[in-house]
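Have a look at the structure below before the remarks.
When reading the values below, keep in mind they use all heavy atoms of this one structure, side chains included, and skip hydrogens, waters and symmetry mates. Note on naming: letters A, B, ... go to the chains in the order of the sequence lines (proteins, then strands), and numbering restarts at 1 for each one. As the structure is a computational prediction, the values presented were derived from the model and not from experiment.
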Amino acid sequence: MSAQIEPRAVVTRFAPSPTGFLHIGNARTGLFSWLYARHHGGRSLLRIEDTDKARSTQAAIDVILDGLQWLGLDWDGDAIFQSERVGRHVEVAQALQAKGQAYRCYMSSAELAAARAAAEKERRPFRLESPWRDCGPDAPAPDAPFVIRLKAPREGETAIDDLVQGRVTVSNSELDDMVLLRSDGTPTYMLAVVVDDHDMGVTHVIRGDDHLNNAFRQLGIYKAMGWPEPVYAHIPLIHGPDGAKLSKRHGALGVDAYRDELGILPEALFNYLLRLGWGHGDDEIISQSQAIQWFDLDAVGKGPSRFDMKKLENLNGHYIREASDGRLAGLIVPRLEHSLGRALGGDEIERLTAAMAELKPRAKTLDELADGAVFLFKPRPLDYDEKAEQLLAGDAPRLLARAYAALTALDEWTAPATEAAVRSVAEAAAVKLGQVAQPLRAALTGRATSPGIFDVLVLLGREESLARIAERMGSEG
RNA sequence: GGCCCCAUCGUCUAGCGGUCCAGGACGUCGCCCUUUCACGGCGAAAACACGGGUUCGAUUCCCGUUGGGGUCACCA
């Protein structure tokens, strides 16, 4: 019977570097990290890895913060900026050196390159063996630039019990003496991550698969410092439809692009990302609160999964249908104003909201939703697309004239009333309803597809409807 | 190439030795609904990579092959 060990409270962290956009794959890793903390009632921290000062502008940082907030991922406490912690990183490097766990290495980059080239030539794996490793503190210090390297173990092996990958073992002979401090005295990423994670009290390091190999080397710092080791969970990367690393061409867009350019709802992206690489029985539609309740790392797949835009769109369509009319109208107003080239008035937004019930089921993205709504506000004469022109040819003008007459005679302008009128026109002309309805649709919307034609009539209103029909009708024959 | 990891329908996945001639979802294809397009309903095609073991019995366990991915910096 082993003693019951008091589990450490879970502390996770999301540590993006501000490159100008929040990569969709990183967003998913952040989601998993956040979900894990929330599920276990722990803390979810945020650290901005802004050591590359050139790229780390405030704008680039805001993109990440906006993206996270939009997705509904919050964090506990203030965000930590790695750049502000350089002093502490250097301090740890020096402590390591004082303990004899790190050393000054005076090898020049030319020497390194030569050693690497030699290894390459002999077709054997390159493993750095610095002659300065075992010189001890009394070694003559040449007047030359140096780096601080970690004295990594060479015997034995290192194992990680990864929450996603399982137990992974690597021979220590594979590990080299990584650089802790560069010759200009600045800390490397390897050092900074470990020091920050430790100082922030991170218990669970949940990050991309691409860091798995780093974990073994980073563990060396924890061991050398005598710090408690974190639990690791390495999440597989997201791949493109072709199985290769997700590239710009097929979806490696920033979260902001999904929102702004494609018109994806946050709950749809949340749901999609959650189900990509993770499953919970047959459940497909999963809310945030349900996700928190159900999520755990053991159900995360070990292999990379491919990004599927079609499925995201399907999910988005689902959430559009669920969204309130007011919210949707508000979301597409900017898109409509952009394509119309003018601002929408209050009464127009009211009409837009009223139209949502009919427009919603026809759209998979906000872009499509806006496109489906634009006919409501187009000035006369409409621009008719090719299919609409086809519908308006032949007998159509004559039938439109009859419909015009029947509609003009109506006392009340409702869907049932207009339907009765149009049906009677079709009957009188001995044609199918579609023979009248389709030209009507073309005349009213300029398109061959739209919501139900009687709803369109009501949405447009009597005056505008009749005016649009008049544009295209001939004489009653 | 060395090291590490992975492998169920086209895609995301369920399956944790027998309940699987493998379930769900997206996509695809039919049919229904219908004034168009959607939505919705019904249905179909579609997978355990291959080869050895272990076992009374393997999609499930082990090994190999093949395929895929990750990583090998004074970048993060």
Side-chain angles (χ1 to χ4, degrees), chain A residues 15-17 19 49-52 55 82 105 107 109 112 116 119-120 123-128 145-149 160 162 164-166 168-171 173-176 178-190 192-193 208-214 216-217 234 236-237 239 241 243-245 272 275-285 299 301-315 317-318 321 358-364 368 372 387 391 419 422-423 426 432-442 445 447-454 456:
Chain A
S17 52
T19 53
E49 313 230 306
D50 57 344
T51 49
D52 184 345
R55 285 193 298 178
Q82 192 159 63
C105 172
M107 283 180 85
S109 51
L112 274 171
R116 222 183 299 271
E120 179 96 9
R123 304 193 73 242
R124 63 175 163 79
F126 173 70
R127 196 84 27 206
L128 173 85
F146 61 87
V147 298
I148 303 293
R149 286 183 188 278
I160 289 178
D162 192 285
V164 169
Q165 304 294 338
V168 185
T169 307
V170 160
S171 167
S173 62
E174 297 292 326
L175 277 27
D176 57 7
M178 64 179 171
V179 173
L180 265 19
L181 249 35
R182 303 188 185 93
S183 53
D184 65 0
T186 59
T188 59
Y189 163 80
M190 288 292 191
V193 179
D209 211 346
D210 49 340
H211 286 291
L212 181 57
N213 290 285
N214 288 338
F216 292 94
R217 305 205 286 163
H234 288 93
L237 270 23
H239 284 182
K245 207 171 186 171
Y272 178 71
R275 279 285 290 103
L276 190 61
W278 178 84
H280 184 268
D282 286 343
D283 297 301
E284 297 287 347
I285 303 296
K302 291 179 166 192
S305 36
R306 304 184 186 196
F307 189 85
D308 182 4
M309 194 60 204
K310 279 286 201 303
K311 189 148 186 173
L312 206 208
E313 284 186 344
N314 173 272
L315 237 19
H318 169 86
R321 274 170 258 135
E358 283 301 315
L359 260 13
K360 271 198 297 203
R362 276 163 251 261
K364 291 198 183 337
E368 289 178 7
K387 284 178 182 168
L391 290 172
E419 174 160 5
V422 174
R423 279 190 188 279
K432 286 184 180 173
L433 178 58
Q435 298 284 296
V436 186
Q438 281 297 80
L440 213 40
R441 182 187 320 284
T445 68
R447 307 268 182 95
T449 66
S450 80
I453 198 62
F454 308 114
V456 169

#### Entry: Any residue meeting salt bridge (charged side-chain N to carboxylate O under 4.0 Å, His left out) with A:D176, in chain and number order, not counting sequence neighbours
A:R217
### Query
Is a donor-acceptor contact shorter than 3.5 angstrom present between the side chain of A:S183 and the base of B:C74?
yes
Below 3.5 Å between N/O atoms, which protein atoms pair up with nucleotides 11-15 of chain B? Just atom names and distances, please.
from  : atom 1 : to     : atom 2 : distance (Å)
B:C12 : OP1    : A:R306 : N      : 2.9
B:C12 : O3'    : A:G277 : N      : 3.3
B:C12 : O2'    : A:R275 : O      : 2.7
B:C12 : O2     : A:R275 : NH2    : 3.4
B:C12 : O2     : A:K311 : NZ     : 3.3
B:U13 : OP1    : A:G277 : N      : 2.4
B:U13 : OP1    : A:S305 : OG     : 3.4

### Query
How would you label the contact of A:P145 with the nucleic acid (heavy atoms, under 4.0 Å): base, sugar-phosphate, or nothing?
nothing
### Query
Where the side chain of A:R306 meets the backbone of A:P241, is there a donor-acceptor pair that is under 3.5 Å apart?
yes
### Task
For residues A:Y189 and A:T51, determine if any side-chain heavy atom of one lies less than 4.5 Å from a side-chain heavy atom of the other.
no
#### Entry: Out of B:C5, B:C37, B:G70, whichever nucleotide has its closest atom nearest the side chain of A:R362
B:C37
### Query
Who are the side-chain contact (heavy atoms from CB on, under 4.5 Å) partners of A:H280, not counting sequence neighbours?
A:W278, A:D283, A:W294
### Summary
Picking from B:C74, B:C26, B:C4, the nucleotide nearest the side-chain atoms of A:V170 would be B:C4
### Task
Looking at every strand, decide which applies to A:R447 at a 4.0 Å heavy-atom threshold: base, sugar-phosphate, or nothing.
nothing
### Query
If you measure only the distance, is there a donor-acceptor pair under 3.5 Å linking the side chains of A:T19 and A:S17?
no
### Gap between atoms NE2 and P, on A:H239 and B:G10 respectively (whole Å)
19 Å
## Note on the structure
Contacts of A:D50 meeting salt bridge (charged side-chain N to carboxylate O under 4.0 Å, His left out) (sequence neighbours excluded), chain-then-number -> A:K53
### Task
Between B:C74, B:G27, B:U35, spot the one nearest the side chain of A:Q438, thanks.
B:U35
### Min side-chain heavy-atom separation A:L181-A:F146 under 4.5 Å
no
### Query
For the side chain of A:R423, counting heavy atoms from C-beta on, which of B:A38, B:C39, B:U35 is nearest?
B:U35
### Query
Do A:E358 side-chain atoms and A:V456 backbone N/O form a donor-acceptor pair below 3.5 Å?
no
### Query
Which part of the nucleic acid, if any, lies within contact of A:H234, taking any heavy atom under 4.0 Å across all strands shown: a base, the sugar-phosphate backbone alone, or nothing?
nothing
### Query
Over how many whole Å does the gap from A:E368 atom CD to B:C39 atom C1' extend?
13 Å
### Query
Counting any heavy atom closer than 4.0 Å, what does A:M190 reach on the DNA or RNA strands: base, sugar-phosphate only, or nothing?
base
### Task
Consider the side chain of A:D210, meaning its heavy atoms from C-beta on, and name the nucleotide among B:C26, B:G2, B:U71 that approaches it most closely.
B:U71
### Query
If only side-chain N and O atoms of A:N214 are considered, is one of them under 4.0 Å from the OP1 or OP2 phosphate oxygen of B:U71?
no
### Task
Could you check if a side-chain atom of A:E368 sits within less than 4.5 angstrom of a side-chain atom of A:R362, using non-hydrogen atoms only?
no
### Message
Regarding A:T51, tell me which of base, sugar-phosphate or nothing describes its non-hydrogen contacts under 4.0 Å with the strands shown.
### Response
sugar-phosphate
Sub-3.5 Å pairs of nitrogen or oxygen atoms, protein against nucleotides 60-63 of chain B:
none

### Query
At their closest point, which heavy atom of A:V170 faces which heavy atom of A:E174, and how far apart are they?
CG1-CB, 3.8 Å
### Query
Considering only heavy atoms from C-beta outward, does the side chain of A:L276 approach that of A:K311 to under 4.5 Å?
no
#### Entry: Spacing between A:K302 atom NZ and B:U8 atom P, to the nearest angstrom
13 Å
### Message
At 4.0 Å (heavy atoms only), tell me whether A:S17 reaches a base, stays on the sugar-phosphate, or touches nothing.
### Response
sugar-phosphate
### Task
Under 4.0 Å between any heavy atoms, over every strand shown, what does A:V147 touch: base, sugar-phosphate, or nothing? Just pick one.
base
### Query
So what does A:T186 hit on the nucleic acid, given a heavy-atom distance under 4.0 Å: a base, only sugar-phosphate, or nothing?
nothing
### Message
Are the side chains of A:Q165 and A:K302 in contact, using a 4.5 Å heavy-atom criterion?
### Response
yes
### Query
A:L175 has an atom CG; how far is it from atom P of B:C72, in whole Å?
13 Å
### Query
Is a side-chain N or O of A:R275 found less than 3.5 angstrom from the main chain of A:I285, in a donor-acceptor match?
no
### Task
Could you tell me whether the side chain of A:Y272 and the main chain of A:D308 form a donor-acceptor pair under 3.5 Å?
yes
### Query
NA contact type, A:M107, heavy-atom cut-off 4.0 Å: base, sugar-phosphate, or nothing?
base
### Message
Taking any heavy-atom pair under 4.0 Å as a contact, classify A:R217: base, sugar-phosphate, or nothing.
### Response
nothing
### Task
Answer with base, sugar-phosphate or nothing: what part of the nucleic acid does A:L315 contact at a heavy-atom distance below 4.0 Å?
nothing
For nucleotides 45-50 of chain B, give me every protein contact, N/O to N/O, under 3.5 Å, one pair per line with atom names.
none

### Task
For B:U28 and B:C9, measure between their C1' atoms and round to the nearest Å.
12 Å
### Message
Distance check needed: B:G27 C1' versus A:K364 NZ, whole Å only.
### Response
11 Å
### Message
Closest approach to the side chain of A:P361, judged atom by atom: which nucleotide of B:C6, B:A38, B:C3 is it?
### Response
B:A38
### Task
Rounded to the nearest angstrom, tell me the gap between atom CD1 in A:I285 and atom P in B:G24.
16 Å
### Query
Which of the following nucleotides, B:U36, B:G70, B:A38, is nearest to the side chain of A:N213?
B:G70
### Task
Mind checking A:D283 for me? I need base, sugar-phosphate or nothing, with any heavy atom below 4.0 Å counting as a touch.
nothing
